[in-house]
Amino acid sequence: MSIRINQEKCIGCGRCEGVCPGTLICLEKKSDGTKKAKMLYLRDCWGCVSCVKECPRQAIEFFLGADIGGRGSTMTVTNEKDILHWNINKFDGTKTVIDVNRKNANKY
Amino acid sequence: MERRTVNTDVLIVGGGTAGCYAAITLSNNSDLKILIAEKANIKRSGCLAAGINAINAYIVKGRTPQDYVDYAEKDANGIVRHDLLLSAAENFNEVTHHVEKLGLVILKDENGDYVARGNRNIKINGENFKPILAKAVKNSKNVEVLNNVNITDLLVENNQVYGAVGFSIKENTAYTITAKKIIIATGGAAGIYKPNNPGFSRHKMWYSPFNTGAGYAMGIKAGAEMTSFEMRFVALRCKDTIAPTGTIAQGAGAKQINSKGFVYEDKYGITTSERVYGTVRENQLGNGPCYLKTSAIGEGNSQEFIAQKDEALLKAYLNMAPSQTLKWIESGKNPSAQDVEIEGTEPYVVGGHTASGYWVNTRRETTIKGLYAAGDVAGGCPQKYVTGALAEGKIAALDIVEKWTVQDDYGLTADLQDKSEKIVKNYEIALAGKPVNQQFDVEQLEEAMQKVMDSYAGGITVNYQFNEKQLALADEKLLQLQQLAINLRAKDLHELMFIYELKERLLVARALIAHLLSRKETRWHTFNENLDYPETDEKYFKYVNSIYEHGNFHIVLRDIVKEAAYEHQN
Ligand SMILES: Cc1cc2nc3c(=O)[nH]c(=O)nc-3n(C[C@H](O)[C@H](O)[C@H](O)COP(=O)(O)OP(=O)(O)OC[C@H]3O[C@@H](n4cnc5c(N)ncnc54)[C@H](O)[C@@H]3O)c2cc1C
Ligand code: SF4
Ligand code: SF4
């Protein structure tokens, strides 16, 4: 269970750093002067997905470790006002998107 | 290290559920200066990070707070504080309505009434519960937040609290905070036992791996009385993802079945501990794995109904445990097409679910004067959950406001200044230079502790059972690990925090052992399964409490409190 930060997509805004309940992400200065988010402790991720929801560029991909049955699928989130689009890229190349409205309560 | 001293009226240690709500309450009811010290960032820190699925403790139509007390008392086999449960339950609905006003979405029927889930729950969208609280804190007057400051010690003299000491994990700064009152709200303790997924996904656990028992450890070191650590909490969760099961069990009505399809829950009973115990037993009897039968959704229902239900479950999990949704999608099968395998978690010490924590009076003041405890760190009040954490934050805050008198200036006695300086020196020692024992690091010692607890103190591997010889061995080994931990060195501030987290866990583990040894009975299967004393013994219809003195845990058995109010005696 952990996250992978796509360095090309990351714009260094630092939002992920401020939401991790374990302070596991920090911003790192690159040699070209840009800042990029870095995952400090891969194995310490709780899987809360706070950082994934916070990232404006879908640069943070969430995945399940192989030890808990992960097969390589990843998840990102696109925010649009109250709607969260959960994008799941399956290991077999297929895509699933689930839209959840923050204004709707759980039915169960 | 740079040294900073900060003075405040009320210090809140831990800006989680209870801490944030205490700050909001204090701000709404007084002009006091309030400071929250939080090791992460209050926006998503603590148990609520991913979101939660329901409000588990609410007084639904036709029920009373006393019904809630009766339920929790039965579930804990009598070891509860009536005054604490009642005062929490009397506040459940009010705090819920307040959080709804702050922005929490709660499901309502056509009459505008909340939709109940069973007898005590209501349905919400808990995904952004924590950001809602954090925003309210931000909008509160006189509240300052110190994010990324990890508190390690309380400053206590003559049994009165005067402040706390900690360090920033971002800047090379040590903090001495003086305060006239302190509310401790650091949550419970995870990571003491070897977890379900000890490898790459070691932090894919149910309780927050970042709640490391700091609040318990600080109180223990300062001589506060603790209660019921031996009532461990073992959760029944979805295998691998360790996601909560309430949504499929209570919400969608899925029954617990073994691999032969037999519904076993009626056989073992339905209290929280019996549900886990039944699952453990079925596995021992060769009937595993066990499941929650979500495939029942698919039986005899229309395609449309099944599709709707599947979708609702996938979405509900995205709002609190997204890994479970990812798991369903990755497997290519929806909940209606496969049952969800379940397992017991490693044991936690957590006062929001069981009764472990600070021994407090009815207004949540601990046995140390001026020090309050609220939420998972506070004991005696099991099954209080999220609304209980809010309620306790509120109760503590209101007591502080009510009893506030103009007091002397801030300031520490010379002794306390010395103590604070010593603590900071220890940070500096840990940060300076090479490890004393090159061959050991925090990670290694943490794994060693978890293995000791797992094999000798009733972890997953031994089906949560233990005997006294094993407990004694565990304590001996924990002592050795405490010795080794003294020599740990950190290369940065983050590692310094890891060292303190380990030390906290080791102390909490030792307190737990002392408690387990002192309840010479089996009152709750799984939570406290003592093979030397497999039956319940009425002699132990008492609270097991402890006070740490000169390196030893002094145990006190206290009579059950049935009154509506309780005050500490001198
Ligand atoms: C995964 C999960 C799901 C849950 N689901 C539900 C549910 O559906 N319904 C329900 O009613 N209840 C639920 N609960 C229970 C409920 O969320 C908790 O009981 C409640 O949030 C606990 O509040 P707290 O303030 O005690 O702890 P927390 O909210 O965890 O706050 C503790 C805070 O202290 C900080 N801290 C810790 N140590 C230090 C230190 N040394 N210095 C500074 N800060 C520190 C932490 O970072 C954290 O912010 C759930 C709990 C979990 C873990
Ligand atoms: S998923 Fe949660 S715990 Fe993991 S890195 Fe992101 S914010 Fe931190
Ligand atoms: S939130 Fe996204 S874009 Fe911003 S720093 Fe983090 S990873 Fe980069």
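Naming: A, B, ... by sequence-line order, numbering from 1 per chain.
In terms of heavy-atom pairs under 4.5 Å with chain A, the best-connected choice from E127(B), K130(B), M497(B) is E127(B). Listed options G253(B), G46(B), P322(B), A40(B) were ranked by heavy-atom pairs under 4.5 angstrom with chain A; first place goes to P322(B). In terms of heavy-atom pairs under 4.5 Å with chain B, the best-connected choice from V49(A), L40(A), N104(A) is N104(A). Looking only at heavy-atom pairs under 4.5 Å with chain A, the residue among A49(B), G332(B), S45(B) that has the most is A49(B). Among N125(B), N319(B), N41(B), the residue making the largest number of heavy-atom pairs under 4.5 Å with chain A is N125(B). Taking C26(A), C20(A), G70(A) one by one and counting their heavy-atom pairs under 4.5 Å with chain B, the maximum is reached by G70(A). The candidate from R202(B), K43(B), E311(B) with the greatest count of non-hydrogen atom pairs under 4.5 Å with chain A is R202(B).
Annotation for K35(A): atom NZ does not count as buried by contact number, only 12 or fewer foreign heavy atoms lying within 6.0 Å.
Using a 4.5 Å cut-off between heavy atoms, L314(B) contacts chain A through its side chain alone, with no backbone atom that close. At a 4.5 Å heavy-atom cutoff, N147(B) makes no contact with chain A through either its backbone or its side chain. Only the backbone of K39(B) comes within contact range of chain A, judged by heavy atoms closer than 4.5 Å. At a 4.5 Å heavy-atom cutoff, Y317(B) makes no contact with chain A through either its backbone or its side chain. Of the two parts of D92(A), neither the backbone nor the side chain holds a non-hydrogen atom closer than 4.5 Å to a non-hydrogen atom of chain B. In this structure, chain A has no heavy atom under 4.5 Å from any part of C238(B). In this structure, the portions of S208(B) lying under 4.5 Å from any heavy atom of chain A include both its backbone and its side chain. At a 4.5 Å heavy-atom cutoff, the contact between I124(B) and chain A is made by backbone atoms alone. With a 4.5 angstrom heavy-atom cutoff, I248(B) does not touch chain A via any of its atoms.
A side-chain donor-acceptor contact under 3.5 Å links D310(B) and S336(B). Donor-acceptor pairing under 3.5 Å is recorded for the side chains of R117(B) and N53(B). Neither side chain, T294(B) nor Q338(B), offers a donor N or O lying under 3.5 Å from an acceptor on the other. Side-chain contact check for N89(A) and S73(A): no donor-acceptor pair (N or O, by modelled atom type) lies under 3.5 Å. Judged purely by distance below 3.5 Å, without hydrogens or angles, the side chains of N196(B) and T345(B) never pair a donor atom with an acceptor atom.
Ring-centre distance between F91(A) and F63(A): not below the 6.0 Å cut-off. For an aromatic pair to be called close, the ring centres must be under 6.0 Å apart, and H203(B) with Y41(A) fails this.
Salt-bridge annotation for D113(B) and K108(B): absent, with no side-chain N of the basic residue lying under 4.0 Å from a carboxylate O of the acidic one. Checked for salt-bridge contact, E61(A) and R4(A) meet the test: a charged N lies under 4.0 Å from a carboxylate O.
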